[in-house]
Amino acid sequence: MNGAHPLPDEPAPAGTGAVHRLLVLPDRDTAEEAAAEAVERFGLGREPEIVREALAGEDDAEDAQWLVVIEEPAAGRDPVVLKALEALAAEYDGWLESA
């Protein structure tokens, strides 16, 4: 990633220590499906945000990654959850990153 990805419009309140996990996926449809699956599997209190990230130097709309931004509270940082998020991303031909 080029590091220029946008974060959610409504960041976590100051002092909460929330972490943003990014499911990096190949297309919008896949990102929408993965976001819905994340809500169902993890009972998220907030709908994940889906954003497009163009690859550095690419102008073609086909050369883009789609990010599913999941806000994870600091208290919820659990290795089991991380593994589950990694598995979810892999199911949709993507990967997990932290923001």
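Source: prediction; values computed, not measured.
- Taking both residues in full, the closest heavy atoms of Tyr92 and Pro26 are given as O-CD, 3.6 Å, listed atom of the first, atom of the second, then distance.
- With contacts defined as side-chain heavy-atom distances shorter than 4.5 Å, the pair Leu82/Arg21 qualifies.
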Please tabulate, for side-chain N and O atoms in residues 30-38, each donor-acceptor pair with protein atoms closer than 3.5 Å (sequence neighbours left out).
| unit_1 | atom_1 | unit_2 | atom_2 | d |
| --- | --- | --- | --- | --- |
| Thr30 | OG1 | Asp27 | OD1 | 2.7 |
| Thr30 | OG1 | Asp27 | OD2 | 3.2 |
| Glu32 | OE2 | Arg28 | NE | 2.9 |
| Glu37 | OE2 | Arg41 | NE | 2.8 |

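- None of Val68, Val69, Ile70, Leu96 except one satisfies the side-chain contact (heavy atoms from CB on, under 4.5 Å) rule with Leu22; the exception is Val69.
- Nearest heavy-atom pair, Leu25 versus Gly94, reported as atom, atom and distance to 0.1 Å: CD2-CA, 3.8 Å.
- Two residues are said to be in side-chain contact when any heavy atoms from C-beta on lie closer than 4.5 Å; Val51 and Trp66 fail this criterion.
- Here Arg46 contributes atom CZ and Glu71 contributes atom CD; the two are 5.0 Å apart, rounded to the nearest 0.5 Å.
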